[in-house]
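One structure is given here, and the rest of the page talks about it.
Here is the naming used below: chain letters follow the sequence lines, and residue numbers restart at 1 for every chain.
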Amino acid sequence: MILPNQPNFKSHFAELLHHAASKVASSDLTTRIELARTKQAKHGDYSCNLAMQLAKPLHKNPREIATLLIDALPPSPYLEKAEVAGAGFINLFLQISAKQQFPYYVLKHGSNFGHQNIGAGKKIQVEFVSANPTGPLHVGHGRGAAFGASLANILAAAGFTVTREYYVNDAGRQMDILALSTWLRYLQLNGFTIPFPKNAYQGEYVRDMAQLIEKAHGKRYVHQPDLLLQNLSSTPLEIEVDEEEQLNKWIVSAKKILGEDYAYIHNFALTEQLGDCRNDLMEFGVEFDTWLSEQSLFDNGMVAHAVELLEKKNYLYQQDGATWFRSTHFGDEKDRVVQRENGQFTYFASDIAYHLNKFERGFDQMIDVWGADHHGYVSRIKGAIQALALDPAKLEISLVQFAVLYREGKKAPMSTRSGEFVTLRDLRREVGKDAARFFYVMRKSDQHLDFDLDLAKSQSNDNPVYYIQYAYARVCSVMAQWDEDAAILHSTDTTMLTSPMELALLQKLIDFPDMVESAARESAPHLIAFYLRELASEFHSYYNATRFLVTEIPLRHARLALVASVQQVLRNGLALLDVSAPEKM
RNA sequence: GUGCCCGUAGCUCAAUCGGAUAGAGCACCAGCCUUCUAAGCUGGGGGUUACAGGUUCGAUCCCUGUCGGGCACGCCA
C-alpha cells in the first residue's frame, strides 16, 4: 500500500497510476503521467489521459488499456473508485473521508500549508526590475517588479532556494546623461543661463538633486561654466545636427571641465537614484538579496575576460574597426558588436559577462524577467551562452508585456523622457500597494495588461482585491465572535461536513498545493490570483448559505475547522503575492 | 519590409505544456438584509475561439496562408 507523505492527493494518484502503468506497459515507459482536475462532478475529482497516450505504442484500444490500468492500481485508502469514461479517460474519485479530514492537514501546516518540494532545494536566481537608475521607477517597471517578486515567493514556496537580484546599469551613457543633467541644473541653480538639451533628463528630480548638492557643497562644483558655453556654442544653431551626437559632446566637455569632480556628480546621482529606487520597491513589498553592479564587471575585468573567452573559441571577428560576435551562428538575425571602434565595450559585452558570472555562481536555474520590448535581445544572449559552452536551458527569459493605465475609461498618457510619466510611487499612492501588486499579476505575463485605476481604487465587490480580502476579514470576524482557542479545531471531528458546498470548498483547499506547483513550474503568478478569487467566491457562497456558529457544538467545530482552513489558505495565497490580509474591513 | 508576441461572450480575461458540453468577473434582467460584516449571495440570457485550409481518436492550443493589433529591428542601454 502506498500512502502520501504529504497532503497531495493528485501526486499520490499519479504515483498509483505510475505503478499500474509499469505493470501494464512493461519497462520502457516514457509517457509522463498527467492528472487533471475534472470540470464535472460525474467525472470524479481527477482524470487521466494516460490510456489514450499509450494507445499508439501499445497498439491497443484506449478503453481496453484504461481497464487494465485500473485493475493494476495498487490499493489506497484515499481512492474511492476509478472508472473508464469517454474515449478512454480514467476518472479517479477521491474518498469523501479524505476530503473531510483535510482541514487537519491545513491547520497542522499553518503558514507552510501549500508549500511543495519540487524545487528540492535547487538554487534558482530571479533577476528582475534592473531598471536604469536614471530616474524614478514608472508604472512599466511596476509590473516586472510585482511579477518577479511574486514569482520568487512562489518558487520559494515550491522548494527552491531563491536569490532575488537587481542588476544595476551603473555604467554607460545613460548614467553620463544623468550626471550631465544634474550638473547643468546645478549650474542653472547658481545663476548661470545655460540651455538644457531636450534629450537630457527633464524630470523634476534632477533639479532636486542639484539642490541637494548646492545645499551640501555650495558653489564647490561651479567650474568654468563659460568654457562649457563656449564648447556648446561652437556649433551654429542653424545647422542640423545629430542631437544624440551633440549630447555626447556635452558629456565629454563636462568631464573635461569637472575633472575629478565629475566622479562625484556621477556617483551622487547614482547613489541618490538607486536609493530612491530601493526605497520605492521596499514600500512596494519588493526586496532583493543582491544588487549587482555593471560597473563592477568592468572594474574586476569580467567583461574583458568574457570577450577574451569568445575570442578563444573563435566566435569573434573584426570589421569596420569594431569587434563582432558571430551571433548569427546561433540563430540571431545579425551579428552584434561587443567592442566599438573607439575601444569601448558595448552593453551587450557586459551583459555576456554578467550571464557568465551568473553561471559561475553555480545557480541550477536562472530566470531573467525582461520587458517585452527586449524580446529581440533573447537570441543573442542565448547565443552568447551557447558560445561559452554553457547550458542555455538553465536560463529562462520571462518577457513581461506592458501595462497600460486606464482612468475613466481612457488611456492615461505615459512617456519617459518628457517627464510626463506616471511613477510607480504615484500609482501606489493612488490605488494602494495591495491593489497595485494584485492588479499587476492578475493577467498572464505575456498578455498586455489593462490596468483600470478606478476599479483598483473602488471599494466594491467588483474589485477582486477587496473581494478576497473581504472573505478573509469575514472569517476573522466569525472567529473573533466564537472567541475560543482555535487549537481545538486542529483535532476536531470533521466528518459531518457533507453538503455539496462543503465538499466543493474542501476540494478547493486540496487544490492549493497543486496551484503553487503549477504557478512555479509555469512561472505564472496569475494562477494564484485566479485561484484566490475562486476560493473567496466559494467561501462567500458558503457563508451566505450556512451558519457557522450553530448551537450544536460538534457541527459548529467542524464548520469552524473548515472556515479556519479557508482563512489559512487565503492568507498563504495572499502572502505569495505580498498582498495584506486585513482582519477587519 | 523582416522577425517575435497576440487575436476567445458587448467589455476585461481564464482554460493545468493536444482532452470530455470553452469557463469567470463586469455590464444587462429578476430576486435575497430582525440571523456570524450586503465590500456579500441566488437565478437568467449571452460563442462558428479573427478567417480559410491541414495534421489525428480529439485542436482555443500544433503546421501553412490571409486579415487585424502590439513590440523589436543602433558601434543606445
Considering only atom C1', compute the distance from B:A9 to B:G25 and round it to an integer number of Å.
-> 12 Å
Take atom C1' in B:C17 and the same atom in B:C75, then report the distance between them in whole Å.
->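 Looking at atom C1' only, B:C17 and B:C75 are 40 Å apart.
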Suppose we define a pair by two distances each less than 3.5 Å, Watson-Crick or G-U wobble; what does [N] pair with here?
N: B:A22; answer: none
N: B:A15; answer: none
N: B:C71; answer: B:G3

Anything under 3.5 Å between a protein N or O and an N or O of nucleotides 2-11 of chain B, put it in a table, one pair a line.
{"from": "B:G3", "atom 1": "N2", "to": "A:H375", "atom 2": "NE2", "distance (Å)": "3.1"}

Side chain of [X]: nearest nucleotide among [options]?
X: A:R340; options: B:C75, B:U37, B:A27; answer: B:C75
X: A:H43; options: B:A20, B:U16, B:A77; answer: B:A20
X: A:Y543; options: B:C71, B:C75, B:U37; answer: B:U37
X: A:T38; options: B:A20, B:U16, B:A77; answer: B:A20
X: A:M52; options: B:G19, B:A20, B:C75; answer: B:G19
X: A:K334; options: B:U37, B:G74, B:A20; answer: B:G74
X: A:N132; options: B:U37, B:A39, B:A77; answer: B:A77
X: A:S541; options: B:C71, B:A20, B:C41; answer: B:C41

Partner residues of A:S296 under the side chain to side chain contact (heavy atoms under 4.5 Å, CB included) criterion, sequence neighbours left out |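 Applying side chain to side chain contact (heavy atoms under 4.5 Å, CB included) to A:S296 gives A:S293.
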From CD1 (A:I381) to CZ (A:R336), nearest 0.5 Å =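 These two atoms lie 11.0 Å from each other.
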In terms of the nearest nucleotide of RNA chain B, which residue is placed more toward the 5' end: A:S445 or A:K56?
->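 Between the two, 5'-proximity favours A:S445.
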A:F530 near the nucleic acid: base, sugar-phosphate alone, or nothing, with a heavy-atom cut-off under 4.0 Å?
->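 Sugar-phosphate only.
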Side-chain donor/acceptor contact of A:K42 with base of B:U21 under 3.5 Å =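 A donor-acceptor contact between them is present.
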Is a donor-acceptor pair below 3.5 Å formed from side chain A:N91 to base B:A20, judging by atom type as modelled?
-> yes
After noting the C-alpha distance and the side-chain angles of A:E294 and A:Y354, does the key distance pass the side chain to side chain donor-acceptor pair (under 3.5 Å) rule?
-> CA-CA 8 Å; A:E294 180 189 1; A:Y354 178 41; over 6 Å; no
By centroid distance (under 5.5 Å) and plane angle (under 30°), are A:F89 and B:A20 in a stacked arrangement?
->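 A:F89 vs B:A20: stacking yes.
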Does A:K10 reach the side chain of A:E517, with side-chain heavy atoms less than 4.5 Å apart?
->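 Contact flag for A:K10/A:E517 side chains = no.
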